[in-house]
Amino acid sequence: MSVVGWLQILVILLAVVAFAIPLGAFMGRVFANERTFLTPVLGPVERGFYRIAGIDPAKEQGWLGYTLAMLVFNAGGFLLLYLLLRFQGVLPLNPQGFAGLAPDLAFNTAVSFVTNTNWQAYGGETTMSHLSQMAGLTVQNFLSAATGIALAVALVRAFARSGMQTVGNFFTDVTRATLYVLLPLAIVTGLAQVAMGTPQTFEASATVTTLEGGEQTLALGPVASQIAIKQLGTNGGGFFNVNAAHPYENPSPLSNALTIWQMLVVSTAIVFAFGRLIGDRRQAVALLSVMALLLVTGIGVAYWAEAAGTPILAAAGLDPSGGNMEGKEVRFGLAASAMFAAVTTGLSDGAVNAMHGSFTPIGGMVPMVLIMLGEILPGGVGSGLYGILVIAIIAVFIAGLMVGRTPEYLGKKIEAKEMKMAILAILILPAAILGFSSVAAVLPTALAGLGNAGPHGLSEIYYAYSSASGNNGSAFGGLSANSPWWNTTLGLAMLLGRFAYIVPMMAIAGSLVAKTRLAPSSGTFPTHGPLFVGLMAGIILILGGLQFFPALALGPIAEQVQMLAGKTF
């Protein structure tokens, strides 16, 4: 590790916070239906969409109506994307002449982008037409992210309101999230990426002369427009197979810094918006403190592990002082690679600028653990906020049991119904990860896709189902997942991780919005100080340890022991 490396990390984090504060205030005004500087331009467009769709933005929905609208909306998006992928071979804007996708791959991909996972079992530049990339994948990058923001706002309203039955209008929230937040940011940062060297063209390819005098064909396409929203919306799916390690997606250290900033900024800003909407910014600072504490710890552990190198390098006669550069781009280096890996999995992004499967065992365990903790550090746009609010509900309940006070959060009593729904929600992730992994670990059809045996092969399985269930989308590179087993089961894991979590979370919102918001009293447990921050961080780590430590002991931890013993794996 070096001072320069840590300065890179610090500068990016400070840039995120500096922009997230005003962006959060802006988002708070947008979802409080207040006038903003974009209202004169986008207000008529917004009202036009409502007229075309027959939506009354003033007509609000209860939690069940809101949830059903969300499910129908996403089911329609899945169907349209599935059909587009299946029939892309006969549709326009296909200069490469790619055929339609096989049924299992089309199912996996459509589920992946609708659930904000963007797991990719294919090479984008050799599989997807320009139409599929633009009208299919890029559109869902916007809509899945907007869905997450809308759901988070609905839960925040449940805390902010008192004695009501409605949590907002899903279609209005999705429209505003797209028009006022995601689209303007995507246009500005997309243009910045073009200026840094990311292509944006309808050309299929370009033929260039190499330094050796030969010819090479380079894939092209409308890249920058997809990369901008894939990062801002914490989607992560790349235009090219190697994602953000590709020089057309991520040309330079400057573009890499912009990419990390894009991943973090909206998810951080929505926490500031939460503080504004409930009228207590201290609560937002408390949540962000928990997120920052655990995320920076993850970055530090990954950076340390990769900078330390491996005994195997020294045994092979190589200088270990340069750290473990296997699977990393020289133009980024160790610090930026470690930070990218932790950020993309602390979020539900999943973009990669290095191969996680080539990290040291402990370095590779960091992104896996960050997914297993629920991707709430700070998590996906919207999904990270509603995920950590569920943790906060559990934390105040435990605090109430310890100190003999009535469990209460943001003026709302936490009772049996909220706790049952919260526990149901947090059990989805371990059930999906461990359930599918246990079957795949003994099934020959599944094992045929592994690139490694032993603990590293088991880590490939864990990582795949963690990534799918956590709606992340990154992968250990050794797994060949484009087969009916992996496409189908990973698709099911994505659906469970997204929608099976959302339903109990929205049930909590429906219960809380109907309760009267109480003023703080002497018996209220404070939820904005260091004590609560420590309690939440502890609960997140304890839950993760209880759920996943035995599995990790058989995978990356066993692999680390092998590495220290000088054995190959």
Closest non-hydrogen atoms of Ala464 and Trp486, given as atom of the first, atom of the second and distance, are CB-CZ3, 4.2 Å

Quick one: are Leu295 and Pro378 in side-chain contact, heavy atoms under 4.5 Å?
-> yes

Nearest non-hydrogen partners of Phe98 and Ser129, listed with the distance | CD1-N, 3.8 Å

Nearest-0.5 Å distance, OG1 of residue Thr345 to CE of residue Met372 = 11.5 Å

Interatomic distance, Thr259 atom OG1 to Ile227 atom CD1 [nearest 0.5 angstrom] = 8.0 Å

From Phe397 atom CZ to Ile414 atom CD1, the distance as rounded to the nearest 0.5 Å | 10.0 Å

What distance separates Asn482 CG from Tyr122 OH, expressed to the nearest 0.5 Å?
-> 10.5 Å

Under 3.5 Å side-chain donor-acceptor pair for Gln226 and Asn141 = no

Just by distance, do the side chain of Arg86 and the backbone of Ala102 share a donor-acceptor pair under 3.5 Å?
-> no

Take Ile388 and Val271 through the side chain to side chain contact (heavy atoms under 4.5 Å, CB included) test and state the conclusion after the steps.
-> CA-CA 10 Å; Ile388 203 164; Val271 182; over 6 Å; no

Can we call the ring centroids of His246 and Phe239 under 6.0 Å apart?
-> no

Closest non-hydrogen contact found for Ile12 with Trp261 is CG2-N, 4.3 Å

Please examine the side chains of Gln120 and Asn241, heavy atoms only from C-beta on, and report whether any two atoms are closer than 4.5 Å.
-> no

Flag side-chain contact, heavy atom, 4.5 Å: Asn250 against Glu329 | no

Step-by-step side chain to side chain contact (heavy atoms under 4.5 Å, CB included) determination, Met291 to Ile376 | CA-CA 7 Å; Met291 296 170 175; Ile376 49 178; 5.7 Å; no

Does NZ or CZ of Lys328 come closer than 6.0 Å to the centre of the six-membered ring of Phe359, within 45° of the ring's axis?
-> yes

Run the numbers on Phe170 and Phe73 for ring-ring contact (aromatic ring centres under 6.0 Å, His included), then give the verdict.
-> CA-CA 9 Å; Phe170 171 76; Phe73 179 78; 5.5 Å; yes

Supply the atom-to-atom distance Phe549 CZ to Leu554 CG, rounded to the nearest 0.5 angstrom.
-> 9.5 Å

Would you indicate whether the side-chain heavy atoms of Ile423 and Ile394 approach each other to under 4.5 Å?
-> yes

For the side-chain hydrogen bond (donor to acceptor under 3.5 Å, both in side chains) test, which of Thr138, Asn118, Asn243 pairs with Lys230?
-> Asn243

Is the shortest heavy-atom distance from the side chain of Thr234 to the side chain of Glu375 under 4.5 Å?
-> no

When every non-hydrogen atom of Ser467 is compared with those of Trp119, the smallest separation belongs to OG-CE3, 3.9 Å

So, the side chain of Ser469 versus the backbone of Leu429: is there a donor-acceptor pair under 3.5 Å, distance only?
-> no

Begin with the C-alpha distance, continue with both residues' side-chain angles, and end with the deciding distance and a verdict on side chain to side chain contact (heavy atoms under 4.5 Å, CB included) for Ser132 and Thr109.
-> CA-CA 11 Å; Ser132 294; Thr109 306; over 6 Å; no

Heavy-atom distance under 4.5 Å between the side chains of Asn108 and Leu490, does that happen here?
-> yes

Do you know the tightest heavy-atom contact between Met1 and Ala307?
-> N-CB, 3.3 Å

So do Met70 and Val174 actually touch side chain to side chain, heavy atoms under 4.5 Å?
-> no

Nearest heavy-atom neighbours spanning Asn472 and Leu347 | ND2-O, 3.4 Å

Between the main-chain N or O of Gly350 and the side-chain N or O of Thr344, is there a donor-acceptor pair closer than 3.5 Å?
-> yes

Expected output: side-chain Thr127 to main-chain Gly124 donor-acceptor under 3.5 Å = no

Please answer whether the main-chain N or O of Phe240 pairs with a side-chain N or O of Glu249 as donor and acceptor at a distance below 3.5 Å.
-> yes

Gap between atom CZ of Phe548 and atom CG of Leu546 - 0.5 Å precision | 11.0 Å

Could you tell me whether the side chain of Gln88 and the main chain of Leu85 form a donor-acceptor pair under 3.5 Å?
-> no

Any idea how Tyr463 and His356 line up, ring-wise: parallel (<30°), tilted (30 to 60°), or perpendicular (>60°)?
-> perpendicular

Is the backbone N or O of Ser112 less than 3.5 Å from a side-chain atom of Thr115, with the two atoms forming a donor-acceptor pair by type?
-> yes

Is the closest side-chain heavy-atom distance between Leu389 and Tyr409 below 4.5 Å?
-> yes

Any side-chain donor near an acceptor of the partner, Asn116 and Ser144, under 3.5 Å = yes

Begin from the C-alpha positions of Val366 and Trp304 and carry the test side chain to side chain contact (heavy atoms under 4.5 Å, CB included) through to its verdict.
-> CA-CA 11 Å; Val366 168; Trp304 165 80; over 6 Å; no

